[in-house]
Enquirer: 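Handing you a structure now.
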Amino acid sequence: MKIFVLNGPNLNMLGTREKAIYGPNTLKEIEDFTTSKLDPDIFNLQWWQSNSESEIIDRIQKLTNENFDALIINPAAFSHTSIAILDALRMLKIPIAEVHLSNVYTRESFRHSLLTAQAASIIMSGLGKSGYYYAALALADLKKG
Ligand code: DQA
C-alpha cells in the first residue's frame, strides 16, 4: 500500500516548536517511528513537507496523476483556513486521512473548524506521533472493505 504523507506549515519545526502541545519529536523522528511500526511488506510511505499553500496545492494536483493508494495529510494551520487546499483534495480519487498531532477540539475555537477534513474519510486528532501510524492502519482497513 503506497501512501503519500503530506505535512503543512511549521511541522518542519517539530522537536523545538511548542513541545508541550506537539511532543519532543522532530518530523523525521515521527517518520522513522511510523516506518518502524508498519510492516514494510505491506506499507510504503513517502513523506513530504512544505510551508507554502501554493506548493501544497501543486503537490496535491500532481497526486492526481500518480499511483498512490491513499493520502495522509496534516495540513497544520491551513486546515482551518484553506478552501483552496480543500478544493485540491476534492480532486483526488484516493482515500484521505487527515492527521493532527494535538486534539484540536481542546484548543482555541479557531482550531475547531477543519475545512480540509471535509475531503477526508478519516480524521485522527490528539494521538500525537502515533496519529500517522493509526491513519495508515485505518486506510489499509478501509481498502480491505
Ligand atoms: C496541528 C494543529 C493545527 O491547529 C496547528 O496549526 C498545527 C498543527 C496538529 O498537528 O496538531 O500547526 O495540525
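Just so you know, ligand 1 is whichever comes first in the structure, and atom 1 is the first atom listed for that ligand. The figures that follow rest on heavy atoms only: side chains count, while hydrogens, waters and symmetry mates do not.
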Enquirer: Kindly state each residue pair satisfying side-chain hydrogen bond (donor to acceptor under 3.5 Å, both in side chains) with at least one member in residues 120-130, sequence neighbours excluded.
Expert: none

Enquirer: Can you give the donor-acceptor pairs under 3.5 Å from side chains of residues 91-103 to other protein atoms, not counting sequence neighbours?
Expert:
residue, atom, partner, partner atom, Å
Glu98, OE1, Thr116, OG1, 2.7
Glu98, OE1, Ala117, N, 3.0
Glu98, OE2, Ser79, OG, 2.7
Glu98, OE2, His100, NE2, 2.6
Glu98, OE2, Thr116, OG1, 3.3
Ser102, OG, Arg107, NH1, 2.9
Asn103, OD1, Tyr105, N, 3.0

Enquirer: With clusters built from Ile, Leu, Val, Met, Phe, Trp and Tyr whose side-chain heavy atoms come within less than 4.5 Å, directly or transitively, what are the remaining members of the cluster of Ile83, listed by chain and number?
Expert: Leu115

Enquirer: When you pair each N or O of ligand 1 with protein N or O atoms, which pairs come out under 3.5 Å?
Expert:
residue, atom, partner, partner atom, Å
ligand 1, 4 (O), His80, NE2, 2.7
ligand 1, 4 (O), Arg111, NH1, 2.8
ligand 1, 6 (O), Ala77, N, 3.2
ligand 1, 6 (O), Arg111, NH1, 3.1
ligand 1, 10 (O), Asn74, ND2, 2.9
ligand 1, 10 (O), Leu101, N, 2.8
ligand 1, 11 (O), Leu101, N, 3.2
ligand 1, 11 (O), Ser102, N, 2.9
ligand 1, 11 (O), Ser102, OG, 2.6
ligand 1, 12 (O), Arg17, NH1, 3.2
ligand 1, 12 (O), Arg17, NH2, 2.9
ligand 1, 13 (O), Asn74, OD1, 2.9
ligand 1, 13 (O), His100, ND1, 2.7

Enquirer: For the residue pair Tyr132 and Asn7, confirm or rule out a side-chain donor-acceptor distance under 3.5 Å.
Expert: yes

Enquirer: Does Ile60 form a side chain to side chain contact (heavy atoms under 4.5 Å, CB included) with Leu89? I'd like the steps, not just the answer.
Expert: CA-CA 7 Å; Ile60 293 168; Leu89 290 171; 3.7 Å; yes

Enquirer: Could you give me the CA-CA distance, side-chain angles and deciding distance for Asp32 and Lys28, then say whether salt bridge (Lys or Arg N to Asp or Glu O under 4.0 Å) is met?
Expert: CA-CA 6 Å; Asp32 292 344; Lys28 179 70 177 94; 2.7 Å; yes

